[in-house]
Amino acid sequence: MRVRFAPSPTGFFHVGGARTALFNWLFARHLGGTFVLRIEDTDAERGREEWLNGIVDALTWIGIDWDEGPYRQSERGKLYADAADRLYADGNAYWCGCTRPAVDERNKANDIATPGYDGYCRERALSPRQGRALRFRTPTEGSTTVVDVIRGTPVFEHANLEDFVVLRSDASPVFLLANAVDDIDMSITHVIRGEEHLSNTPKTLLLWDALDGGPRPVFAHVPLLVNEKGQKLSKRRDKVALEDYRDQGFLADATRNYLGLLGWAPGGDREILSVAEMVREFRLEDVKSSPAFFDERKLLHFNGEYIRALSLDDFVDAARPFLAAGSWATEEFDEGAFRALAPLVQERVKTLTEVPAMVDFLFLSEAPVEEGAWDRRVVRGAAAAELLAGAAEVYSSCEWAAPVLHQVTASLGERHGLSLGKAQFPIRVAVTGREVGPPLFESLEILGRQRSIDRLLRALARLEA
RNA sequence: GCCCCCAUCGUCUAGCGGCCCAGGACACCGCUCUUUCAAGGCGGCAGCACGGGUUCGAAUCCCGUUGGGGGCGCCA
């Protein structure tokens with residue numbers, strides 16, 4: 001049992017591609033088959049090295065490994081040329097000198113509203129020459145049945161299939177040819193790919209047989225990933241780059257888990273699944289046939305679940321790259337302080353990019369300034385000046401521990417007829433700069449007595465100025 | 001225009017003829033817990049597109065309608 005994932009290098013890694021790769025990989029691992037990685041870079045201009053690296057990095061990030069490859073179509077030109085020669089020699093293909101505009105014009109003149117080729121050169125027996133393309137001679141009768149694990153057995157009448165190009169006029173192979181040749185050459189048994197390929201599958205099969213490819217592969221056309229309007233996710237209008245999610249603080253495991261549930265479910269009520277569980281339970285027959293909307297909000301929820309499930313060490317490691325985006329001077333970062341606050345941060349963020357703003361007050365010389373918060377909770381806060389002054393005073397002599405700070409602050413609030421919930425606001429804003437963040441008293445404890453009091457006094461001075 | 005695919009809460013889905021006047025999750029709305037915000041707990045809102053069959057019985061099977069999507073390129 002052999003499957004392949006065959007992305008074309010386009011500069012970024014599409015989430016739909018990631019899902020297709022994942023299904024291929026789960027299928028292979030579940031059955032103990034072979035997963036082949038093949039890069040479809042027939043379009044020479046696109047065969048850029050960094051594009052390949054992007055694919056390799058993205059797959060690696062999400063936890064997919066391959067048993068063979070990456071093969072590159074750009075390095076396998078001979079195979080495609082030979083196949084094209086055989087097609088021509090066997091009479092399964094012919095040379096065509098038509099240009100696209102000419103075809104369109106004829107179709108228009110004949111009142112044919114089909115964009116397909118009209119077969120103009122089919123019987124002209126043209127010889128190969130510069131500027132001519134090679135077209136497959138599609139049978140005029142009969143039909144091709146696709147065997148698809150997910151879709152059943154759709155039947156395509158040959159009469160509806162045009163004579164499609166297999167070799168461009170510059171002698172380069174098109175996708176259909178290279179794809180079929182490689183799948184035959186690599187003994188692919190199961191072709192798992194996006195539904196957009198279903199309509200072209202009879203062409204693939206016709207080529208397969210014309211090239212004596214042997215037993216036809218079994219197909220599995222997985223449902224499309226769509227946007228909120230139900231349209232196929234596209235680079236132009238939708239956010240589709242896997243790298244973007246990674247850079248925005250999504251964990252690979254959460255993303256993998258979410259992607260795996262788009263069009264497939266393990267049955268029952270479970271959703272959070274480890275890789276091992278997915279491998280164990282994944283079955284191609286259980287993949288749905290209807291499109292799935294890629295819902296970032298649910299991904300966000302999964303991410304929160306996975307972040308909270310991380311061990312302290314893993315969370316610190318995962319957050320590290322994102323800490324670089326903090327507004328503090330690098331040398332001011334204090335790993336110990338971060339680790340101390342991390343457990344409280346961990347359960348409050350849904351993405352890693354939210355981490356810096358939750359801890360920056362620890363590493364900045366002064367509290368960051370959030371004007372809205374200052375205005376709401378200090379300038380217009382009830383008894384703000386009294387609370388700041390009072391806190392500065394009691395904090396200077398009480399034991400410096402969160403429970404004690406909690407207790408003395410509560411008493412301070414009581415004296416002004418305020419609940420702790422209200423009383424902590426001016427202090428929170430004065431010290432951390434923000435009205436929301438990790439629990440205040442733990443934050444104070446970690447920040448330290450002197451720095452906390454300094455900030456309280458500074459806030460007081462600003463308020464009275 | 002032609003061909004193909006699809007159809008359970010707003011979204012992702014469970015369901016594969018009786019266990020379902022349809023279960024879970026996200027989102028949303030209450031309540032609760034609470035030092036902010038989250039997280040957690042409890043509760044709520046909300047769906048089998050429509051019409052015919054088949055069957056003792058249909059969300060589940062068949063046909064049609066409607067709606068949505070994909071493909072038809074010297075892109076992949």
Please walk me through it: do A/Ile307 and A/Gln346 pass side chain to side chain contact (heavy atoms under 4.5 Å, CB included)? CA-CA 6 Å; A/Ile307 285 179; A/Gln346 196 175 347; 4.0 Å; yes
A/Lys229/A/Asp238 ion pair, N-O < 4.0 Å: no
How is A/Arg135 classified with respect to the nucleic acid when contacts are heavy atoms under 4.0 Å: base, sugar-phosphate, or nothing? sugar-phosphate
A/Asp295: salt bridge (charged side-chain N to carboxylate O under 4.0 Å, His left out) partners, not counting sequence neighbours: A/Arg297
If you measure from the P atom in B/C16 to the same atom in B/G23, how many Å do you get, rounded? 14 Å
Rounded distance (Å) that lies between atom C1' of B/A76 and atom CD of A/Glu195: 17 Å
Measure CG/A/Leu205 against P/B/C4 and give the value in whole Å, please. 16 Å
For residues A/Tyr306 and A/Leu273, report the shortest heavy-atom separation together with the two atoms involved. OH-O, 3.2 Å
Specify the separation, in whole Å, of atom CG of A/Leu405 and atom P of B/U36. 16 Å
According to a strict under-4.0 Å criterion, is A/Arg434 in side-chain N/O contact with OP1 or OP2 of B/C37? no
Verdict with supporting geometry, A/Glu162 and A/Arg122, salt bridge (charged side-chain N to carboxylate O under 4.0 Å, His left out): CA-CA 11 Å; A/Glu162 61 174 333; A/Arg122 190 175 165 104; over 6 Å; no
Under 3.5 Å on both distances, the Watson-Crick or G-U partner of B/C26: B/G10
What is the separation between atom CG on A/Asn200 and atom P on B/C3, rounded to the nearest whole Å? 16 Å
Are any of A/Arg151's side-chain N or O atoms less than 4.0 Å away from OP1 or OP2 of B/C5? no
Determine: side-chain N/O of A/Lys232 to OP1/OP2 of B/G71, distance under 4.0 Å, yes or no. yes
Report, one pair per line, the protein and nucleotides 39-46 of chain B atoms (nitrogen or oxygen only) whose separation is under 3.5 Å.
residue : atom : partner  : partner atom : Å
B/A39   : OP1  : A/Lys350 : NZ           : 3.4
B/A39   : O3'  : A/Arg308 : NH1          : 3.2

Same-atom distance (P) from B/C19 to B/C61, integer angstrom: 16 Å
Any ion pair linking A/Lys78 and A/Asp82 (charged N to carboxylate O, less than 4.0 Å)? yes
When the P atoms of B/G73 and B/G68 are compared, how many Å lie between them, rounded to an integer? 24 Å
Classify the nucleic acid contact of A/Asn160 as base, sugar-phosphate or nothing, counting any heavy atom under 4.0 Å across all strands shown. sugar-phosphate
Could you name each residue pair satisfying salt bridge (charged side-chain N to carboxylate O under 4.0 Å, His left out) that touches residues 367-393 of chain A, not counting sequence neighbours? A/Glu370-A/Arg434, A/Glu371-A/Arg462, A/Asp375-A/Arg380, A/Arg376-A/Glu435, A/Arg377-A/Glu435
Rounded to the nearest angstrom, tell me the gap between atom CZ in A/Arg236 and atom C1' in B/C75. 15 Å
I need the minimum non-hydrogen distance between A/Leu352 and A/Ala319, along with the two atoms involved. CG-CA, 4.2 Å
Taking atom P in both B/A49 and B/A7, compute the distance separating them and give it to the nearest angstrom. 10 Å
Any carboxylate oxygen within less than 4.0 angstrom of a Lys/Arg side-chain nitrogen, looking at A/Arg4 and A/Asp182? no
Let me know the distance between CG of A/Leu176 and P of B/G71, rounded to the nearest Å. 14 Å
Sequence neighbours excluded, every pair satisfying salt bridge (charged side-chain N to carboxylate O under 4.0 Å, His left out) that has a member inside residues 261-275 of chain A: A/Arg270-A/Glu281, A/Glu271-A/Lys298
For A/His197, report the nucleic acid contact type (base, sugar-phosphate, nothing); a contact means any heavy atom under 4.0 Å. base
Can you pull every protein N or O that's under 3.5 Å from an N or O on nucleotides 31-35 of chain B?
residue : atom : partner  : partner atom : Å
B/U35   : OP1  : A/His406 : NE2          : 3.4
B/U35   : O2'  : A/Gln424 : OE1          : 3.4
B/U35   : O2'  : A/Gln424 : NE2          : 3.3
B/U35   : O2   : A/Leu440 : N            : 3.3
B/U35   : O4   : A/Glu442 : OE1          : 3.1

Between B/C72 and B/A58, how many Å separate the two P atoms, rounded to a whole number? 42 Å
Given B/C16, B/G10, B/C4, identify the nucleotide with an atom nearest to the side chain of A/Phe156. B/C4
Specify whether A/Phe23 and A/Phe282 have parallel, tilted or perpendicular ring planes, treating 30° as the upper limit for parallel and 60° as the lower limit for perpendicular. tilted
Does A/Arg132 have a side-chain nitrogen or oxygen under 4.0 Å from the phosphate oxygens OP1 or OP2 of B/C74? no
For B/G23 and A/Arg270 - does any side-chain N or O of the residue sit under 4.0 Å from the phosphate oxygens OP1/OP2? no
Could you list, one pair per line, each protein nitrogen or oxygen that sits under 3.5 Å from a nitrogen or oxygen of nucleotides 12-14 of chain B, together with the distance?
residue : atom : partner  : partner atom : Å
B/C12   : OP1  : A/Phe293 : N            : 3.0
B/C12   : O2'  : A/Leu261 : O            : 3.2
B/C12   : O2   : A/Lys298 : NZ           : 3.4
B/U13   : OP1  : A/Gly263 : N            : 2.4

Residue pair A/Phe136 / A/Asn92: nearest heavy atoms and the distance that separates them: CD1-O, 3.3 Å
With rounding to the closest Å, how many angstrom separate the C1' atoms on B/A27 and B/C9? 12 Å
Does a donor on one side chain sit under 3.5 Å from an acceptor on the other, for A/Thr351 and A/Glu354? yes
Could you check whether the rings of A/His14 and A/Phe12 sit parallel, tilted or perpendicular, using 30° and 60° as the cut-offs? tilted
In whole Å, what is the span from the OH atom of A/Tyr80 to the C1' atom of B/A76? 13 Å
Distance, P atom - from B/C6 to B/U60, rounded to whole angstrom: 15 Å
Nearest to the side chain of A/Gln231, heavy atoms from C-beta on, is which of B/U36, B/A76, B/G70? B/G70
